[in-house]
Every structure is written in structure tokens, then in C-alpha cells.
Number of protein chains: 2
Amino acid sequence: MLLAALNLEDAVSPTIADRLFDQLRKAIVEGEIPPGSKISEPVLAARYGISRGPLREAMRRLESSSLVERKPNVGARVIRLSSEQLLEIYVIREALEGLAARLAAEHMAEPAIAELRALLERHRIEVAREGGQSYFQTEGDLDFHFCIVQGSGNRRLISILCNDLYHLARMYRCQFGMKSDRARDALKEHELVVDAIADRDGELAEWLMRRHIRASRRATERRIALTAASGQPPAANGLRSVCGRRDPVTGNEYPLSASSPPDSTN
Amino acid sequence: MLLAALNLEDAVSPTIADRLFDQLRKAIVEGEIPPGSKISEPVLAARYGISRGPLREAMRRLESSSLVERKPNVGARVIRLSSEQLLEIYVIREALEGLAARLAAEHMAEPAIAELRALLERHRIEVAREGGQSYFQTEGDLDFHFCIVQGSGNRRLISILCNDLYHLARMYRCQFGMKSDRARDALKEHELVVDAIADRDGELAEWLMRRHIRASRRATERRIALTAASGQPPAANGLRSVCGRRDPVTGNEYPLSASSPPDSTN
DNA sequence: ATACGCCTTATTGTCGACAATTAATCTTGA
DNA sequence: TCAAGATTAATTGTCGACAATAAGGCGTAT
């Protein structure tokens with residue numbers, strides 16, 4: 001529900017290819033199409049009841065979003081998530097969202113700041129209710145960052161973060177489970193950032209945002225170290241593996257482990 | 001010639017769509033297909049002697065690179081360059097390339113640093129020969145930044161900068177002419193950055209790179225203020241308009257002013 | 001028994017044609 | 001004469017079929 005802001009695509013496109021792109025991205029991000037699985041064009045086209053033309057165009061866009069990898073004359077596979085790539089994204093987000101926070105402090109309109117405050121208030125209630133363990137908070141976290149980036153007013157910055165990096169980050173979170181025990185700390189950090197923005201203190205806002213993302217990255221690093229030590233292969237997802245179920249799309253391939261969509265709060 | 005590093009695509013793809021994407025991107029970036037011009041699928045397909053299928057896939061990739069804008073059931077137009085968007089890119093580059101410089105100082109291998117030094121040496125000779133006015137320097141500038149980013153070792157950072165932002169930056173430069181009088185200063189700034197990287201001083205490298213890009217942005221701002229004051233419309237390109245010639249691709253549309261490819265040093 | 005080469009098969013890449021939507025033109029009325 | 005509407009034309013979106021490439025299986029020779 002709070003994820004509404006993340007669904008840029010709720011204004012349905014009249015063309016099949018665009019709609020399909022949204023559907024496939026959602027399916028890949030939420031793990032419905034497992035990472036590493038091969039995507040067969042005829043099978044997928046039949047699955048969605050369309051021709052291969054629009055499908056291929058959607059696949060091209062997925063490739064540009066680096067959600068699938070394609071080799072010519074061979075086919076496309078859903079990207080396999082490596083911890084290194086996740087950390088790379090954190091490093092970039094630290095720089096980019098720090099910038100976004102500074103710009104937001106300079107450009108954001110007062111009503112938008114008030115909305116941001118209201119959003120954090122809802123998060124506060126939620127965290128208090130679920131004792132800081134809620135998985136939901138993780139999504140709320142993305143919602144918060146989403147709002148800040150929107151407030152930066154830099155359209156290309158918005159595009160880079162919201163069209164590509166956030167979907168990747170969400171994908172990793174869905175894969176790894178991520179019922180972060182950092183919800184309470186994260187919320188506090190969020191509030192400090194918003195305070196700085198409300199004070200129009202861009203320098204402080206950037207510093208706080210960078211520290212926040214750095215802390216987030218370190219928590220992820222710890223988590224990765226844990227799951228790696230517990231015997232699982234490094235690139236595997238540490239989530240409930242639904243072995244009794246068959247791949248819903250590709251049908252015949254069953255890589256590492258298939259994970260069902262982690263929640264339906266959108 | 002020095003642009004060789006920028007041509008990631010010299011390893012020709014066996015598929016038409018990929019080859020066409022490279023060709024079209026080059027044509028758009030260098031202004032052969034003027035900004036704002038409508039792209040007709042049948043015309044373009046005939047022009048390149050291929051079918052509309054691969055063309056559409058290439059167009060989808062161009063759209064992802066934000067080189068063309070598409071409206072459903074209407075068509076695609078080459079993006080029109082606004083000064084605001086150019087400055088937005090500079091702001092992002094400042095954050096991202098500052099990060100890249102820091103990472104390069106930490107991760108770059110010694111031979112790569114030596115290569116970088118050699119590159120700057122060639123630039124030094126070139127600048128001395130052309131008296132700091134050379135247009136070439138502008139391309140060399142991109143080459144330099146390209147190498148630094150490659151040295152960061154962060155694959156996603158490399159992808160964002162080299163696959164999208166650099167092509168846009170190059171497009172703006174081609175459109176605006178850009179025989180920057182800042183070549184001498186820029187070269188000096190480049191050398192300082194490389195010194196910091198060689199010293200493995202990441203913090204300094206980042207600071208120097210940010211300052212360098214900031215100076216570059218300010219020079220561009222001044223240039224924009226000049227051309228805007230000299231009577232041209234703000235989004236127009238301030239380059240020789242070849243009015244006697246017809247649009248080589250779309251054939252029937254002739255927006256603002258068509259500019260021929262600024263150089264052939266690749 | 002293993003390795004090399006050939007062949008079969010399935011998948012991707014490409015093409016031409018049809019349908020749907022949009023933009024422009026022409027007509028008609030006030 | 002201008003505006004509003006319908007009509008026409010062109011472009012885009014979609015589809016099914018063919019061709020080319022690569023992967024996998026099979027057989028044979030060493």
C-alpha cells in the first residue's frame with residue numbers, strides 16, 4: 001500500500017510491450033521468475049498470450065535496466081545476484097542520494113516536506129507496532145528514499161535512481177528476505193535527514209543521508225557475511241526455497257531455488 | 001583516433017539491431033540526425049536497408065539511453081537538448097566521477113596509472129601544439145574521464161557513466177561546438193587528479209575531480225549565458241547551420257538547424 | 001573408453017503483412 | 001471567414017512465418 005509511490009507505471013500504457021515490461025520487471029524483481037533462469041521467448045509469449053514482437057521489445061528494455069542478460073543467438077537469462085553488485089549499488093547510492101538530499105534541501109517545496117513528515121509519522125507507528133522487526137519497514141525505507149530523490153528536482157537523477165537502481169535494490173531485498181533489524185535506527189536516521197531538509201541545511205542533509213546509506217550498507221555486509229558463513233553458496237538467496245513448486249513461467253528450468261513473492265503489500 | 005577508448009562497440013555485434021543501435025547512437029550524438037527531428041520507421045528502415053523489427057529494437061534501446069523520446073502511437077523524436085538537462089548531467093557527474101576518482105585511487109593497478117600518465121602526456125603535446133584552443137582537447141577530456149571511471153572497478157558505475165551519461169555529454173558538445181578555451185586549465189586539473197591517484201590519496205583525488213567538473217560546468221554555464229544573450233533560442237545549437245543541405249535520414253523534416261558531424265577523428 | 005566430428009533440433013533473428021490509432025485534410029455549417 | 005466535424009491517409013503496433021545460428025545428441029574412429 002505504501003508502495004504506491006514506487007509504481008510509476010500505474011498509468012497503464014496502451015501498448016502491449018510497455019505493459020509487459022512492467023509485468024516482467026515486477027515478476028523478476030519479486031522473484032517470481034527466479035534469478036539465473038533462462039527466458040524462452042515462445043514459452044513466455046504463450047504464457048502471456050501475445051506475440052514475440054512486443055515480448056522482444058520488453059526484453060530489450062529489461063536488458064537496459066540490467067535485469068536480464070542477453071547473449072546473441074543464445075537467449076536471455078535473469079541476472080544472478082552477486083553480493084558484490086549489491087555493494088556496488090550501495091556505493092553509488094551513497095553518492096547519488098547524498099546529492100539528492102542536498103538538492104532536496106535546496107529545492108523541495110514546503111508542502112512536499114510536510115508530506116515527507118507525514119510519511120515518516122506513519123513509519124514510526126508501523127515500527128512501534130511491529131517492534132522494529134517488520135519487513136514492511138524495508139519497503140517503507142525505499143518509499144522514503146524515493147520521496148527524497150523526487151524532491152531533488154533533478155530529472156536525470158530521478159531517472160537513474162528510480163528507474164534502475166531502486167528496482168535492483170528491491171530485487172536484492174526480495175531475494176535475501178531482509179527483515180532488517182535496523183528498522184528503528186533507520187527510522188531515526190530518516191528523521192534526522194528530514195529535519196536537515198526542513199532547515200534547508202543541504203550540507204548536513206547530504207552528510208546524514210550518506211551516513212545513513214553507509215550504515216545500511218554495513219548492515220547488508222554483515223548479513224552477507226552471515227549467510228556466506230552458514231554454508232550457502234555466495235550468490236544464492238537465503239530465503240525459503242519452494243522446492244515442491246514448479247517454475248511458473250519457464251516451466252522446465254529450476255535454478256538455485258525459487259522464491260515466492262515476499263509480500264503483497266503493494 | 002584518441003576516441004578509440006570510447007568505442008566500446010567496435011567489437012561488431014552479429015545482430016542487425018545491435019549494429020543499428022550503435023550506428024544510430026553515433027548519428028544522433030554527432031548531430032547527423034538533428035535534435036527534435038521525427039524518426040520515421042519506414043523511412044529509416046529503407047535508409048538502412050533493413051526491416052522494421054530490428055529497427056524498433058534499436059529504437060527501444062535508444063529510448064533507454066534517453067537519446068530519443070517516444071510517445072505511443074505517435075512516434076519517436078530525437079531529444080532536444082536543453083541547457084538545464086546539460087547542467088543536471090554536470091551535477092551528477094560531479095558526484096559520480098568524484099566517487100570514481102576515489103575508487104580509482106584505491107583500486108587502480110599501477111600499469112593503468114602509467115597508461116593514464118601517457119595519455120595525459122599526449123594531451124599535453126596536443127594542447128601545446130594547438131595553443132590550448134583545440135576542439136580535440138574536448139574529446140581528449142572525455143577520454144581522460146573515461147579512463148578514470150574504468151579504473152574505479154565499479155562495474156555499475158562504469159555502466160552508468162560510459163553507456164549513458166558520456167554519450168549525452170558528447171552529444172551536447174557536438175551540438176554546441178565547444179572549442180573550449182579551457183583546455184590548458186583542464187589539462188592541469190587532469191594532471192593533479194592523476195597525481196593524487198598515483199599517491200593513492202583517494203580523498204584528494206575525489207576533491208580534485210569534483211572541483212574539475214565544477215569548473216567545467218561553470219565554463220559551460222558562461223557559454224550558455226553568452227549564446228542565450230546573442231539572440232539564439234535557448235534550446236538551439238549554436239553551430240554552423242547547413243541550410244543548403246537536406247536532412248540525410250528523415251528526408252522531409254528540417255528542424256532548428258542541421259549540423260554536420262563536427263569531426264571525423266574516430 | 002574417450003575424443004572428435006556430424007547431424008538433428010530447438011531457439012533466436014529477421015522479414016513482410018495486417019490492424020489500430022493518430023494526425024492532417026477537406027467539407028460543411030454558422 | 002472561421003470553427004467544428006467527418007473522412008482520408010499515413011504511421012505505429014502487432015502478428016505469424018521463414019531463415020540462420022547455436023546447443024545438444026549421436027555415431028564413429030583412434
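Residue numbers start from 1 in every chain, and the chains themselves are labelled A, B, ... in the order their sequence lines are given, proteins ahead of strands.
A straight line from CZ of A:R77 to C1' of C:dT12 spans 15 Å, rounded to a whole angstrom. Atom CD in B:E41 sits roughly 14 Å away from atom C1' in C:dT21 (whole-Å rounding). When rounded to the nearest whole Å, the span between CE of A:M59 and P of C:dG13 equals 9 Å. Distance A:E57 CD to C:dG13 C1': 14 Å, rounded to the nearest Å. In this structure, B:Y48 atom OH and C:dT14 atom C1' are separated by 18 Å, rounded to whole Å.
Listed by first and then second residue, the salt bridge (Lys or Arg N to Asp or Glu O under 4.0 Å) pairs that reach into residues 152-166 of chain A are A:R155-B:E88, sequence neighbours excluded.
Checked against salt bridge (charged side-chain N to carboxylate O under 4.0 Å, His left out), B:R217 has the following partners two or more places apart in sequence or in another chain: B:E94, B:E221. Under the rule for a side chain to side chain contact (heavy atoms under 4.5 Å, CB included), the partners of A:I16 that lie at least two apart in sequence or sit in another chain are A:R19, A:I50, A:P54. Qualifying salt bridge (charged side-chain N to carboxylate O under 4.0 Å, His left out) partners for B:R52, counting only residues two or more places apart in sequence or in other chains: B:E41. A:A46 pairs by the side chain to side chain contact (heavy atoms under 4.5 Å, CB included) definition with nothing, not counting sequence neighbours. The side chain to side chain contact (heavy atoms under 4.5 Å, CB included) search around B:I79 returns B:E69, B:L168, B:M171, not counting sequence neighbours. Listed by chain and number, the residues in a salt bridge (charged side-chain N to carboxylate O under 4.0 Å, His left out) with B:E57 are A:R56, A:R60 (sequence neighbours excluded).
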Give every pair of a protein N or O atom and an N or O atom of nucleotides 15-18 of chain D that lie under 3.5 Å apart, one pair per line with the distance.
residue, atom, partner, partner atom, Å
D:dC15, OP2, A:S51, N, 3.0

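Residues from residues 63-76 of chain A lying near DNA chain C, meaning a heavy-atom separation below 4.0 Å, are A:R70, A:P72, A:N73, A:V74, A:G75 in numerical order.
Between A:K38 and C:dT12 there is a side-chain N or O to OP1 or OP2 distance below 4.0 Å. Look at B:T15 and you'll find a side-chain N or O under 4.0 angstrom from OP1 or OP2 of C:dT14. In this structure, B:R56 does not reach the D:dT12 phosphate: none of its side-chain N or O atoms is under 4.0 Å from OP1 or OP2.
Side chain of A:T15 to main chain of A:A17: a donor-acceptor pair is present (N/O by atom type, distance under 3.5 Å, no hydrogens or angles).
Side-chain contact check for A:F144 versus A:L116: some heavy-atom pair is nearer than 4.5 Å.
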